[in-house]
Undergrad: 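Input: one structure, supplied below.
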Amino acid sequence: MSAPVILASQHNDDAFADVWEELHWRGLVHVSTDEAALKALLAGDPITYYCGFDPTAPSLHLGNLVQLLTMRRLQLAGHKPLGLVGGSTGLIGDPRPTAERTLNTKETVVEWVGRLQGQVGRFLSAEGENAVRLVNNLDWTGGLSAIDFLREIGKHYRVGTMLKKDAVASRLNSDAGISYTEFSYQILQGFDYLELFRQYDCVLQTGGSDQWGNLTSGTDLIHRVEGRSVHAIGTPLITNSDGTKFGKSEGNAIWLDAEMCSPYRFYQFWLNTDDADVISRLKVFTFLSRARIEELEALVESEPFRREAQRTLANEVTTLVHGADATAAVIAASEALFGQGDLSALDETTLESALRELPNTTTSPDAPIAQLLVDTGLVKSVSEGRRAIAQGGVSLDNVKIEDETATIEGRVSPGGMAVLRRGKKTLAGVFVV
Ligand SMILES: N[C@@H](Cc1ccc(O)cc1)C(=O)O
């Protein structure tokens, strides 16, 4: 994540009476506190709201992006965001339904807090009356003694209620059980909301719907302690209509950090979105207007083979996360590899990440090309490879190979890379040591 996000081009769609209506249309409200009160609140004077992110990895991922963009939509409507990164909650671990988390060292958590703050800051404007403010819950829990915590906060929690929260209940019924540490998590998040209510008059917390127990932990606490009704919105969990998990490609999470998931891979991920999902993704992950999304919806119906909606989605989200230059480089790489584009015009990083997504092999500088065809899976045997070369169907960096015994010596220098092609559309990457 190096390039800045294009904040200037983002806006709420005029087609909606207010941001609440827009959030609904985009499918972002799965569960919430009183709807009528929330609608009135969001249509009125600017309010302060918050969303929290735990440093459980060195980068945020696509699930977090839903939250960041929801925050941005509220900010565009004039409301004031607080971006919380959980310096203390990251040391404890929000219980997952499956198993206890392993604790990371304090140094690691501090480092990840810094990285996540940088990421959160990139999606929200830091200018004007409603500039984003970044907060860290370690600031109010780090110095709190266990005795004070139990006397002042713990006293407001009933264990019976805590046990009923989904995350806790599912763990209690599993073999893994749940530690007292993770059981306490909901109190910490509830306390955050109270603290932000007191310090900033924060009256809305957003999060994924799996956070509902933690969100209501805060609204209940504030109600009990301060006698005020504050709000929460849970966004839906994003799912793929074919039942596979959203936000993963070949089992790996799609991270927002370019080092952990190249812009090329990121772009391809969105490009591969199913027709059945592409419209709801456009609603959640882009700032395109309702009119434009409806136009694309009609195109999915009438001309699905053109994949206009997918290309628009990939373009928009990659630009949002990696910037316009990275997106242009990625598109140039796809065209150079699969279309008419010019390979030599590509920058090395983009080409390398593109080749890493293809079948690829790492080889010594004297490797025979027929063997590389086998190593990358483009043919089954060396003799088949030689035949393919003899028939004129093999090229290296778009230069046709004439000799079936040719090696890459003199064609690719040590430390370099090349595109190996069989026929028009079958490609592989070759990395030379
Ligand atoms: N529990 C949230 C992160 C969070 C932490 C502290 C908060 O106050 C709010 C949210 C999550 O795991 O996604």
Side-chain angles (χ1 to χ4, degrees), residues 31 33 50-57 63-64 67 82-113 116 135-200 202 205-226 228 230-232 234:
V31 54
T33 48
Y50 100 96
C51 180
F53 305 88
D54 268 350
T56 49
N64 303 125
Q67 302 313 317
L82 294 169
L84 180 147
V85 177
S88 66
T89 38
L91 294 169
I92 300 304
D94 199 354
R96 285 174 297 187
T98 43
E100 191 83 10
R101 291 176 192 268
T102 41
L103 295 178
N104 295 304
T105 65
K106 291 189 177 177
E107 293 72 33
T108 303
V109 173
V110 167
E111 192 205 320
W112 290 352
V113 165
L116 265 51
V135 295
N136 182 346
N137 53 17
L138 197 60
D139 291 346
W140 53 87
T141 46
L144 190 65
S145 78
I147 300 297
D148 287 342
F149 176 71
L150 291 173
R151 283 176 65 90
E152 280 158 38
I153 315 297
K155 201 70 177 163
H156 298 291
Y157 281 83
R158 311 307 299 169
V159 169
T161 315
M162 293 175 70
L163 290 171
K164 286 194 207 109
K165 305 268 163 157
D166 285 348
V168 175
S170 55
R171 283 279 293 285
L172 276 177
N173 295 327
S174 77
D175 290 345
I178 185 168
S179 66
Y180 185 74
T181 309
E182 289 195 0
F183 177 60
S184 316
Y185 188 96
Q186 54 181 285
I187 306 189
L188 287 176
Q189 190 163 333
F191 180 43
D192 286 348
Y193 199 170
L194 175 63
E195 194 60 28
L196 296 175
F197 171 78
R198 286 176 171 161
Q199 280 188 42
Y200 300 94
C202 174
Q205 183 182 177
T206 57
S209 57
D210 61 329
Q211 288 292 309
W212 190 243
N214 290 334
L215 302 183
T216 50
S217 164
T219 54
D220 289 349
L221 180 65
I222 293 169
H223 199 253
R224 209 162 302 131
V225 178
E226 302 284 346
R228 281 278 303 272
V230 294
H231 291 277

Undergrad: Can you find a side-chain donor-acceptor pair between D94 and Q211 that sits under 3.5 Å?
TA: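 D94 vs Q211: donor-acceptor pair found between side chains.
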Undergrad: Determine the minimum heavy-atom distance between G86 and T89, stating which atoms define it.
TA: CA-OG1, 3.2 Å
Undergrad: With a 3.5 Å cut-off and sequence neighbours excluded, list the donor-acceptor pairs that the side chains of residues 149-159 form with protein atoms.
TA:
from : atom 1 : to   : atom 2 : distance (Å)
H156 : NE2    : E152 : O      : 3.3
Y157 : OH     : S217 : O      : 3.3
Y157 : OH     : S217 : OG     : 2.8

Undergrad: If you look at every heavy atom in Q67 and T206, which pair is closest and at what distance?
TA: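 Result for this residue pair: OE1-C, 4.2 Å.
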Undergrad: Could you give the distance from CD1 (I178) to CG (N173), rounded to the nearest 0.5 Å?
TA: 11.0 Å
Undergrad: Quick check for you: to the nearest 0.5 Å, what is the distance between L221 atom CG and F197 atom CZ?
TA: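 Rounded to the nearest 0.5 Å, the CG-CZ separation comes out at 10.5 Å.
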Undergrad: With a 3.5 Å distance limit and no angle check, can you tell me whether S209 reaches the backbone of G234 through a side-chain donor-acceptor pair?
TA: no
Undergrad: Which value, rounded to the nearest 0.5 Å, describes the distance between E195 atom CD and L188 atom CG?
TA: 12.0 Å
Undergrad: Without swapping roles, check the side chain of E100 against the backbone of A176 for a donor-acceptor pair under 3.5 Å.
TA: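 Checked: no pair found.
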Undergrad: Working to the nearest 0.5 Å, report the span between OG of S179 and CG of L103.
TA: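 Rounded to the nearest 0.5 Å, the OG-CG separation comes to 8.0 Å.
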Undergrad: Please give me the minimum heavy-atom distance between E182 and G93, naming the atom from each residue.
TA: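 In this case the closest contact between E182 and G93 is CG-O, 3.4 Å.
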Undergrad: Side chains of M162 and V168: closer than 4.5 Å at any heavy-atom pair?
TA: no
Undergrad: F183 versus L163: any side-chain heavy-atom pair under 4.5 Å?
TA: yes
Undergrad: Tell me every residue that passes side-chain contact (heavy atoms from CB on, under 4.5 Å) with T98, counting only those two or more places apart in sequence or in another chain.
TA: R96
Undergrad: Please indicate whether D139 has more than 12 foreign heavy atoms, meaning atoms of other residues, nucleotides or ligands, lying under 6.0 Å from its CG.
TA: yes
Undergrad: Shortest non-hydrogen contact from G87 to V113?
TA: CA-CG2, 3.7 Å
Undergrad: Give a yes-or-no answer on whether the side chains of W140 and D192 include a donor-acceptor pair shorter than 3.5 Å.
TA: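 Note: W140 and D192 side chains meet the donor-acceptor criterion.
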Undergrad: Under a 4.5 Å cut-off applied to non-hydrogen side-chain atoms, are I92 and S184 in contact?
TA: no
Undergrad: Only one of Q189, Q205, K165 clears side chain to side chain donor-acceptor pair (under 3.5 Å) with N214; which?
TA: Q189
Undergrad: Nearest 0.5 Å, please: how far is OH in Y193 from OG1 in T216?
TA: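 Going from the OG1 atom of T216 to the OH atom of Y193 covers 11.0 Å.
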Undergrad: Say you draw a straight line from CD1 of I222 to CZ of F191; how long is it, rounded to the nearest 0.5 Å?
TA: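 Interatomic distance, I222 CD1 to F191 CZ, rounded to 0.5 Å: 11.0 Å.
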Undergrad: Heavy atoms only: give me the nearest G90-P55 pair and the separation to one decimal.
TA: CA-CD, 3.8 Å
Undergrad: How close do A232 and T219 get, counting heavy atoms only, and between which atoms?
TA: CB-CG2, 4.2 Å
Undergrad: Quick one: does any side-chain atom of N136 pair with a main-chain N or O of L138 as donor and acceptor, under 3.5 Å?
TA: yes
Undergrad: Donor-acceptor check, side chain of R228 to backbone of H223, threshold 3.5 angstrom: yes or no?
TA: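 No.
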